[in-house]
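What follows is a set of notes on a single structure, which appears directly below.
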Amino acid sequence: MKCVIASLAFLIACLYCVAQDNQTIPGLVTNKTNQPLQYANVLLLHAEDSSLVKTMLTDSAGAFKFTGVTYSSFRIMVTFVGYKDFMSDIIMVDSGNSIAAVNITLRQSEKTLSGVTVTATRPFLEQRIDKLIVNLNNSITSAGSTALEVLQKIPGVVIINDRVNLAGKSGVIIMINGKPSPYVDMESMLKDIPGINIERIEVITNPGARYEASGNAGIINLILKRQANLGLNGTFTGGGGYSYYDQKAVRTNDNSYYRYYSSLSLNFRTKKWNFFGNFDYLHRKVFEVNNYDRFIDQSQYKQINYYPYFYIFQTSYC
């Protein structure tokens, strides 16, 4: 009986810790006549550097809800075709307050035009009948990130121990340009693909009859960028990033983390032939901190593990 009570106490404590470590940010997007705006793009950004944390679309009632938000300061950005972009004030998320619903009212863009020029621009998120499309072309979201890191910011996609899960299901099929990838270890392959080389990502939670039965858990299709111009052309990109974290809780002065990357692609195309090559390089320093609270009888054991590491990826293909 003591073992059973101790196990129940440990389970309740774990659930309590999980509940305290994460919060939810709900909200509603409407226009000035209080009509809900469906499929508006909602982005959760870090207040310090405006880096993207999560993104999603509003539902048919204009509502959204960011779950599993850790303690920090955030801003919410909302974009919708025909309306002015909205940026919220700083939202503080900590253990001492509960987040009230964020009511957002978008204002229509009103401009006096001397002429009209039609320019097609794809939104960051497109909700189709059968899939969700994430347009990454010329997006800062993919800069300096790998394909696996980009997937972490897509609604419905959950990365657990570098394993891709879609809508709570494991065994997701990863495709490249609409074709099944020959790689066995897809998660390692996703770490090798720079996000800057991805044009868009298609997330299919309920595959239709055209897909194999093994795709019932969902399909993620990565569409890579292609050059269609004749002759010789190429692209070179490069960049870097730096962040500082106070790691006094793990008794270390190792506070600096960074990344830098570069990508070079060359393409020579004629009417009949196409020759191309690509080289990518990524160097990144990261860390993991794991907190464990164990309750055994009347004793509590706390353990904090700190894992700093770095990785280097070099890929080339032709």
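None of these values were measured; they are calculated from a predicted model. Position 1 is the first residue of the sequence; numbering continues from there.
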Checklist entry - Under the side chain to side chain contact (heavy atoms under 4.5 Å, CB included) test, which residues partner Ser299, sequence neighbours left out? => result Tyr301
Item to check | Geometric class of the His283/Tyr258 ring pair [parallel <30°, tilted 30-60°, perpendicular >60°] | outcome: parallel
Item to check | Stacked cation flag Arg259 on Tyr261, 6.0 angstrom / 45 deg | outcome: no
Checklist entry - Could you give all pairs that pass the salt bridge (charged side-chain N to carboxylate O under 4.0 Å, His left out) test and reach residues 234-257, with sequence neighbours left out? => result Asp254-Lys285
Item to check | Between Asn135 and Glu126, a side-chain donor and acceptor under 3.5 Å | outcome: yes
Item to check | Contacts of type salt bridge (Lys or Arg N to Asp or Glu O under 4.0 Å), residue Glu48, not counting sequence neighbours | outcome: none
Checklist entry - Which residue pairs pass the ring pair (Phe, Tyr, Trp, His ring centres under 6.0 Å) test when at least one of the two sits in residues 24-48, sequence neighbours left out? => result His46-Phe74
Checklist entry - Glu288 and Asn290: side-chain donor and acceptor closer than 3.5 Å? => result no
Next on the checklist: I'd like to check the side chain to side chain contact (heavy atoms under 4.5 Å, CB included) partners of Ser263; sequence neighbours left out, ordered by chain and number.
Outcome noted: Ile196, Asn197, Thr237, Asn278, Asp280
Next on the checklist: Could you check whether any side-chain heavy atom of Val164 comes within less than 4.5 Å of a side-chain heavy atom of Leu148, counting everything from C-beta outward?
Outcome noted: yes
Item to check | Validation row: Ile104, Leu106 side chains within 4.5 angstrom (heavy atoms) | outcome: yes
Item to check | Min side-chain heavy-atom separation Tyr260-Tyr281 under 4.5 Å | outcome: yes
Item to check | Non-neighbouring partners of Ala63 that pass side chain to side chain contact (heavy atoms under 4.5 Å, CB included), sequence neighbours left out | outcome: Leu28, Asp59
Checklist outcome for this item: When every non-hydrogen atom of Ala40 is compared with those of Phe80, the smallest separation belongs to CA-CD1, 3.5 Å
